[in-house]
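Below is one structure; the comments refer to it alone.
Nothing fancy with the numbering, it's 1 onward along the sequence.
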Amino acid sequence: MNSHIKIVLFFCLFIVGCKSEGIFDDFSQPPTESKLYEISIKPKDIDIYFAKQIFAIGKYDDGTEVNITSSVIWDVSDEYIAVSDSSGYILPKNIGSTTVIASLDGIISENANINVVSSLVCGHDIGSEIITAIDDSDLNNSATSCLKIAKDNNGKWFTSTPSINILNLLGYVKADGANGTYKTYADLYHEDGTYGPYGDFGLFDQLGGDSLGNDGQYDRWCQNLAAIKFANRDNWRRGSQEELSQLFLDKGDMLNNYGWPSSKYNLYWSLTPTGLSFKTIRLYDGLIGMASTYASMYSSCISEF
């Protein structure tokens with residue numbers, strides 16, 4: 001009996017000794033933890049007039065790339081221009097340029113460039129929420145390098161037609177919409193102060209797309225606002241006559257209440273077809289008209305959550 005116990009004890013001690021010598025090592029264990037060797041910031045160059053999220057991507061020596069945005073330390077070189085919170089959320093403060101870096105475990109990223117630019121939204125102050133500029137009532141600023149935004153009772157946002165100043169800023173040229181070029185407007189209308197702020201404003205046709213105006217010049221204008229995330233939204237689109245009429249019913253005279261250009265003869269386009277034409281609406285008195293796809297009219301784009 002005692003001899004059996006001795007044999008068992010000897011065998012157990014042998015096993016433990018072998019483990020300690022590495023004879024029975026478990027080769028299925030994961031390798032040593034990978035090491036961070038590079039941090040990149042995306043996007044690397046940004047133009048902002050509202051708060052924007054940027055990201056830090058960590059590259060490791062095992063070939064993996066990991067989003068480490070909330071783990072790094074963010075450092076903006078000139079906090080008079082912009083600041084960052086701990087999660088890489090950049091808040092613009094004043095117009096100008098600065099840089100930001102991200103660091104972790106002794107690894108420092110290359111500089112990312114931040115350019116704080118004038119807001120494209122009329123009535124919006126740098127660093128404030130876009131919502132503060134909705135329904136801006138300045139009667140003259142729509143002629144400058146910004147777009148007005150109004151909100152109806154359903155929460156939909158509507159833009160005024162653009163001035164020549166913002167069209168130039170965004171790289172637009174005058175051309176017939178039928179050529180399909182992305183950044184074009186059909187013509188300009190000069191407001192003399194009677195039916196809109198003194199200045200020149202863009203007119204669009206509905207050519208260059210299908211018979212319903214999809215991808216036509218007016219549609220392309222709204223598509224571009226979505227592409228540049230105007231007012232931090234990426235779903236700008238054409239509006240129906242019913243939606244534009246509802247805006248008028250909710251807000252009243254868009255000319256005298258909010259300073260929108262509202263030409264007596266160049267009404268605002270809609271996407272609502274009527275025969276071979278589209279319905280239009282005049283936003284200082286609610287008059288509904290119609291115009292062929294070849295006509296040049298004011299244009300409003302709509303965004304909603």
Side-chain angles (χ1 to χ4, degrees), residues 36-60 64-105 107-134 136 141 144-149 157 159 162-163 165-173 182-183 220-237 301 303-305:
L36 176 70
Y37 72 89
E38 183 179 321
I39 299 173
S40 61
I41 298 177
K42 297 182 179 180
K44 193 172 181 179
D45 296 281
I46 56 172
D47 294 334
I48 57 173
Y49 55 91
F50 52 81
K52 185 178 181 67
Q53 178 71 57
I54 61 175
F55 302 92
I57 306 300
K59 296 182 180 181
Y60 290 81
T64 59
E65 293 189 5
V66 180
N67 185 338
I68 55 174
T69 300
S70 296
S71 301
V72 300
I73 297 173
W74 294 97
D75 184 18
V76 177
S77 62
D78 188 347
E79 293 192 341
Y80 175 78
I81 302 298
V83 294
S84 173
D85 68 7
S86 60
S87 62
Y89 199 63
I90 304 296
L91 179 66
K93 295 177 65 178
N94 291 282
I95 294 173
S97 297
T98 186
T99 59
V100 61
I101 58 172
S103 61
L104 179 66
D105 296 338
I107 306 300
I108 303 174
S109 72
E110 292 185 348
N111 289 341
N113 300 310
I114 300 171
N115 301 306
V116 179
V117 298
S118 298
S119 179
L120 299 181
V121 181
C122 294
H124 176 241
D125 293 324
I126 297 295
S128 64
E129 296 292 332
I130 295 294
I131 194 68
T132 61
I134 305 302
D136 172 66
N141 61 3
T144 63
S145 300
C146 62
L147 274 179
K148 291 274 198 180
I149 301 178
W157 290 7
T159 66
S163 69
N165 292 305
I166 194 167
L167 288 171
N168 288 339
L169 182 65
L170 295 177
Y172 274 72
V173 295
Y182 191 45
K183 291 187 175 184
R220 297 195 299 272
W221 163 243
C222 297
Q223 289 176 18
N224 188 49
L225 292 184
I228 66 173
K229 295 192 70 172
F230 170 70
N232 204 22
R233 291 196 171 185
D234 61 3
N235 61 348
W236 294 99
R237 59 172 177 81
C301 302
S303 170
E304 58 188 316
F305 283 120

Assess the residue pair Lys44 and Asn113 against the criterion (side chain to side chain contact (heavy atoms under 4.5 Å, CB included)); give the C-alpha distance rounded to whole Å, side-chain angles, the decisive distance to 0.1 Å, and a yes or no.
CA-CA 6 Å; Lys44 193 172 181 179; Asn113 300 310; 5.6 Å; no

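- Between Ile41 and Glu110, every side-chain heavy-atom pair lies at or beyond the 4.5 Å cut-off.
- Within the 3.5 Å criterion, the main-chain N or O of Thr144 finds a donor-acceptor partner in the side chain of Ser163.
- Environment of NZ in Lys42: sparse, with no more than 12 heavy atoms of neighbouring residues, nucleotides or ligands closer than 6.0 Å.
- Contact record, Cys122 with Asp136: O-CB, 3.8 Å, taken as the closest heavy-atom pair.
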Enumerate, atom names and distances included, each donor-acceptor pair closer than 3.5 Å involving a side-chain atom of residues 86-95, sequence neighbours excluded.
| unit_1 | atom_1 | unit_2 | atom_2 | d |
| --- | --- | --- | --- | --- |
| Ser87 | OG | Asp85 | OD1 | 2.9 |
| Ser87 | OG | Asp85 | OD2 | 3.3 |
| Lys93 | NZ | Glu79 | O | 3.2 |
| Asn94 | ND2 | Tyr80 | O | 2.8 |

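- The two residues Ala102 and Val72 have their closest heavy-atom pair at CB-CG2, 3.8 Å.
- Every residue two or more places apart in sequence or in another chain that forms a ring-ring contact (aromatic ring centres under 6.0 Å, His included) with Trp236 is listed here: Phe230.
- The closest donor-acceptor contact from the side chain of Ser84 to the backbone of Val76 lies at 3.5 Å or more, if one exists at all.
- Without hydrogens or angle criteria, Asn235 side chain to Glu304 main chain gives a donor-acceptor distance under 3.5 Å.
- Defined by atom type and a distance below 3.5 Å, a donor-acceptor pair is present between the side-chain atoms of Lys148 and Asn141.
- The two residues Ser119 and Cys146 come nearest to each other via the heavy atoms O-CB, 4.2 Å.
- Here the straight-line distance linking atom CD of Gln53 with atom CD1 of Ile46 works out to 10.0 Å at 0.5 Å rounding.
- With rounding to the nearest 0.5 angstrom, the CD1 atom of Ile73 is 9.5 Å from the CG atom of Asp105.
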Stepwise side chain to side chain contact (heavy atoms under 4.5 Å, CB included) test for Val100 and Thr98
CA-CA 7 Å; Val100 61; Thr98 186; over 6 Å; no

Can you check side chain to side chain contact (heavy atoms under 4.5 Å, CB included) on Ile68 and Leu104, steps first, answer last?
CA-CA 9 Å; Ile68 55 174; Leu104 179 66; 4.1 Å; yes

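- Atom CG of residue Leu170 and atom CD1 of residue Ile228 lie 5.0 Å apart, to the nearest 0.5 angstrom.
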Walk me through whether Val83 and Trp74 qualify under side chain to side chain contact (heavy atoms under 4.5 Å, CB included).
CA-CA 9 Å; Val83 294; Trp74 294 97; over 6 Å; no

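- Closest non-hydrogen pair, Pro162 versus Leu147, comes out as CA-CD2, 3.6 Å.
- Taking CG of Leu36 as the reference point, atom OG of Ser71 lies at 10.0 Å (rounded to 0.5 Å).
- When every heavy atom of Ile149 is checked against every heavy atom of Ala231, the shortest pair comes out as CD1-CB, 3.7 Å.
- Under a 3.5 Å cut-off, the side chain of Asn67 and the backbone N or O of Thr69 do form a donor-acceptor pair.
- Put simply, the side chain of Ser77 gets close to the backbone of Thr99: a donor and an acceptor are under 3.5 Å apart.
- When atom types are taken as modelled, the side chain of Thr159 and the backbone of Cys301 share a donor-acceptor pair closer than 3.5 angstrom.
- To the nearest 0.5 Å, atom CD of residue Gln223 and atom CZ of residue Arg237 are 13.0 Å apart.
- In this structure the side chain of Ile126 reaches within 4.5 angstrom of the side chain of Tyr49, judged on heavy atoms.
- For Lys52 against Pro43, the heavy-atom pair with the smallest separation is CE-CG, 4.3 Å.
- Between the OH atom of Tyr172 and the OH atom of Tyr182 there is a distance of 6.0 Å, given to the nearest 0.5 Å.
- Within a 6.0 Å sphere centred on CD of Glu38, other residues, nucleotides and ligands contribute more than 12 heavy atoms.
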